[in-house]
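What follows is a set of notes on a single structure, which appears directly below.
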Amino acid sequence: MPELPEVETIKKDLLPFLIGKTFTTINVYWPRMALEPSFDEFCRQIPGQKVEEISRRGKYLVMHLSSGQALVFHMRMTGSLLYMQDFDSINKGIKYITAAFGLDSGAHLLFCDRRKLGTIALVDNTNKLENKLGPEPLDSNFTSEAFKSRLKARKASIKAILCDQKVIAGIGNMYADESLFTARIHPLRPAENLSEAEMEQLHQAIQEVLLRGIANAGASFSDYCRPNGEPGIQQDSFMVAHRGGEPCHVCTTPIVRIPIRNRGTYFCPNCQV
DNA sequence: CCCGGAACCTGAAGGC
DNA sequence: TGCCTTCAGGTTCCGG
């Protein structure tokens, strides 16, 4: 499930192949994924546009186009972007293609999504995106003080708060669990009850965990893969995420899985208090 | 504003 | 072997 490190990896992998290239064709096989503007306009306005820049905001991948518009991708749970030098649009055994972009280089960019929940929007500006997202956890302005102020008076569990994109952008289920393990904080603790020291530990843990995720090119537990089709290796470095029943790396206590907000949450009941 | 739960999706995994 | 149920989790919407 692509979270910040996975989307950052996709961005870095695509950059050298897409910058300066122009979309020549667009085929959308699952019309509901094209959110904005109308489906017809989406298909009409993209051909002829050059990719000038690619950025990431939270879990969103943003392609800045020559018209000044932006193409905003969200992978949700099972979406991935594949870059293919010689995709012939007939059938190469690639499954779950929901949209295919042709490029003037002859290559193709494929959006593949088993569960069809991923989305693409063609927007005039990213204001709407900015309005629903909190700060970037790896930006220099995301200070420990900024983090603390966002946890104040929040009664919900710290796990739920970490996954709230308006509090911090880009953290999802896996990296929230890893951050809480690293900071030795129990996921069910109400956010407002964390001590100053715990909030500082968690602030640092978030950055460590995300940077490691990026260095390892993301975690391929599910459908996520890099644009060249290869998996990331971060899943091998996770301490608790998706490791229910396995011994904790620190104390050997079995990792526990509980639901929080209907999300599987993994933690060490001995290390995290 | 804050919080929690349902809906959107469908392949994979597990039970019988 | 095969049918059936449950699970997976990011975002949006809705009700309290």
Side-chain angles (χ1 to χ4, degrees), chain A residues 1-10 28-36 39 56-62 72-81 93-99 111-121 123 126 128-134 136-137 149-180 187-194 210 213 218-225 231-232 234-235 238 240-245 255-267:
Chain A
M1 312 97 208
E3 302 178 25
L4 186 152
E6 287 74 27
V7 181
E8 182 69 18
T9 300
I10 293 169
V28 180
Y29 306 108
W30 182 249
R32 291 179 64 175
M33 81 175 311
L35 292 184
E36 290 181 54
F39 175 70
R56 179 195 55 71
R57 183 72 172 93
K59 302 171 193 172
Y60 293 85
L61 184 76
V62 184
V72 181
F73 295 77
H74 199 295
M75 315 302 157
R76 287 294 226 281
M77 275 86 80
T78 54
S80 57
L81 282 172
I94 303 164
K95 295 170 112 175
Y96 318 126
I97 300 173
T98 52
F111 197 114
C112 301
D113 190 359
R114 181 163 59 83
R115 286 168 64 186
K116 299 179 178 170
L117 294 174
T119 57
I120 314 176
V123 298
T126 54
K128 213 167 91 183
L129 202 56
E130 289 304 322
N131 288 340
K132 62 184 175 187
L133 294 178
E136 282 293 320
S149 72
R150 292 185 162 262
L151 301 187
K152 279 215 175 75
R154 300 300 299 261
K155 298 187 191 311
S157 69
I158 184 62
K159 163 68 185 279
I161 294 294
L162 284 183
C163 292
D164 184 341
Q165 301 304 294
K166 261 191 114 69
V167 176
I168 318 165
I171 299 176
N173 210 35
M174 301 184 296
Y175 292 94
D177 285 357
E178 289 298 309
S179 299
L180 288 168
L188 281 174
R189 291 270 302 283
E192 64 179 4
N193 288 2
L194 299 193
L210 293 177
S220 292
F221 272 116
S222 172
D223 298 51
Y224 162 76
C225 65
Q234 173 59 32
Q235 64 278 10
F238 276 153
V240 291
H242 289 79
R243 297 205 180 280
I255 300 302
V256 169
R257 178 184 181 281
I258 60 168
I260 297 182
R261 290 259 186 110
N262 282 329
R263 303 289 178 262
T265 299
Y266 300 87
F267 68 103

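Just so we're on the same page: letters track the sequence lines, and every chain starts at 1.
Between A/Lys132 and C/dT12 there is a side-chain polar atom (N or O) within less than 4.0 angstrom of OP1 or OP2. Regarding contacts with the backbone of B/dC3, a side-chain N or O of A/Arg154 is found under 4.0 angstrom from either OP1 or OP2. Phosphate proximity of B/dT10 to A/Lys116: present, with a side-chain N or O under 4.0 Å from OP1 or OP2. A close approach under 4.0 Å does occur between a side-chain nitrogen or oxygen of A/Gln165 and OP1 or OP2 of C/dT11. A/Arg261 has a side-chain polar atom (N or O) that falls below the 4.0 Å cut-off from OP1 or OP2 of B/dG4.
For A/Leu117 and B/dG11, the CG to C1' distance is 12 Å, given to the nearest whole Å. As a whole-Å value, the separation of A/Glu192 CD from B/dC1 P is 18 Å. Rounded to a whole Å, the CZ atom of A/Arg76 is 11 Å from the C1' atom of B/dA7. Following rounding to the nearest Å, A/Asp223 (CG) and B/dG11 (C1') show an atom-to-atom distance of 8 Å. Atom NZ in A/Lys95 sits roughly 8 Å away from atom P in B/dG11 (whole-Å rounding). Rounded to an integer number of Å, the gap from A/Met75 CE to C/dA8 P is 23 Å. Distance, A/Tyr175 OH to C/dG10 P: 12 Å, rounded to whole Å. Between the CZ atom of A/Arg115 and the P atom of B/dA13 there is a distance of 14 Å, given to the nearest Å.
Relative orientation of the A/Phe238 and A/Tyr175 rings is perpendicular, given thresholds of 30° and 60° on the angle between their planes. Taking the six-membered ring for Trp and thresholds of 30 and 60 degrees, A/Phe221 and A/His242 have nearly parallel ring planes, at less than 30 degrees apart.
At a cut-off of 3.5 Å, with distance as the only test, no side-chain donor of A/Asn193 or A/Lys155 sits close to an acceptor on the other residue.
Listed nucleotides: C/dA8, C/dT11, B/dC3. Nearest to the side chain of A/Lys59: C/dT11. Considering only the side chain of A/His74, C/dT11 comes nearest among C/dT11, B/dT10, B/dC3.
Residue A/Lys155 is the one, among A/Lys155 and A/Asn262, whose nearest nucleotide of DNA chain B lies closer to the 5' end (criterion: closest heavy atom). Each of A/Tyr60 and A/His242 has a nearest nucleotide on DNA chain C; the 5'-most of these lies closest to A/His242.
Taking the P atom of each, C/dT6 and B/dA6 are spaced 14 Å apart, rounded to whole Å.
Of the listed residues (A/Gln165, A/Met75, A/Glu8), just one forms a side chain to side chain contact (heavy atoms under 4.5 Å, CB included) with A/Lys59, and that residue is A/Gln165.
Using a cut-off of 4.0 Å between Lys/Arg side-chain N and Asp/Glu carboxylate O, A/Arg115 and A/Asp223 are scored as not salt-bridged.
For A/Arg263 against C/dA8, a side-chain-to-base donor-acceptor contact under 3.5 Å is absent.
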